[in-house]
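For the single chain, residues carry numbers from 1 onward in sequence order.
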Amino acid sequence: WADDEAARTGPGVADALRRFEQRLADDPTVVPEVLARYANAVGSTVSQAVGRDMRELHEQFDTVIVDEAARANPLDMLVALAIARRIILVGDQEQLPHMLEPRLEAAVNGGRAMDASAVLRQSLFSRLWELYASAPPGGIARVQRLDDQFRMHPAIGKLIGDIFYGGTLVSRTDAATLVNDTGLFEGKPLAFVHVTGAAETGRYQRRREAEKLADRIAILHNGTII
């Protein structure tokens, strides 16, 4: 497009774009400089937010958005927050908890009369949610909960909403389009499968659960239980 426009109009915006594109092709080393100068948004993990590459882009950002903020431990979160003028945290403290470093927990608890584990297990996101859940009179609301779900069968959404969100979750899905037609569980949208046998130790393997899952997959594959 730039070539065609430059040939038609001569010197101008199109010609400048064509020469700029050619420069990038001829010398790829200028790409980082271009990104640093013109990028409107950049991405990073929280731990790399103050890495060398990021510092070369900007010392401080107008806005930092932390996704899955409820899963970030406080130290990692503070790394990202320290380089922002405005902070937006996106997450859900009712889902997976933040990762707790066992050595840090042991160091904090060491030599103390009280157990600090409960404090450490609460994410910074959760603390901020509790602190700003209610806006002061005439003040600005600092938190916003998204109450609509567009993923699950309404029956599953209601179960989760009642247990974790005080019945405030609204399902925007159509049950008729999410019918369980696999032949399993009598067509129900949700079922709990009991796994017999002794409790297994260890964090990475659950053989009986894997066998039960394989049974269900076999049913879906050929209609028989192996």
* **same_hphob_cluster(Phe164, Trp129) at 4.5 Å side-chain heavy-atom cutoff** => no
Same cluster (ILVMFWY, side-chain, under 4.5 Å), Leu178 and Met152 = no
* Asked: Side-chain contact, heavy-atom cut-off 4.5 Å: Arg145 with Thr168?
  -> yes
Note to self: In this structure, would Leu184 and Phe192 fall into the same cluster of hydrophobic residues linked by side-chain contacts under 4.5 Å?
What the structure shows: no
For Glu186, is the CD atom crowded, meaning more than 12 foreign heavy atoms sit under 6.0 Å from it?
no
Heavy-atom distance under 4.5 Å between the side chains of Arg208 and Thr196, does that happen here? yes
Using a strict 4.0 Å threshold on nitrogen-to-oxygen distance, state whether Asp215 and Lys212 make a salt bridge. no
**Request:** Give a yes or no on whether the backbone of Val170 and the side-chain of Asp147 come within a donor-acceptor separation of less than 3.5 Å.
**Result:** no
- request: Identify whether Ile65 and Phe125 are in the same connected component of the hydrophobic contact network (ILVMFWY, side-chain heavy atoms under 4.5 Å).
  value: no
Under a 4.5 Å cut-off applied to non-hydrogen side-chain atoms, are Leu78 and Leu124 in contact? yes
Same hydrophobic cluster for Ile217 and Val193, using side-chain heavy-atom links shorter than 4.5 Å among ILVMFWY?
no
Check the pair Arg23 / Asp27 against salt bridge (charged side-chain N to carboxylate O under 4.0 Å, His left out), numbers first and verdict last.
CA-CA 6 Å; Arg23 185 188 177 198; Asp27 184 10; 5.5 Å; no
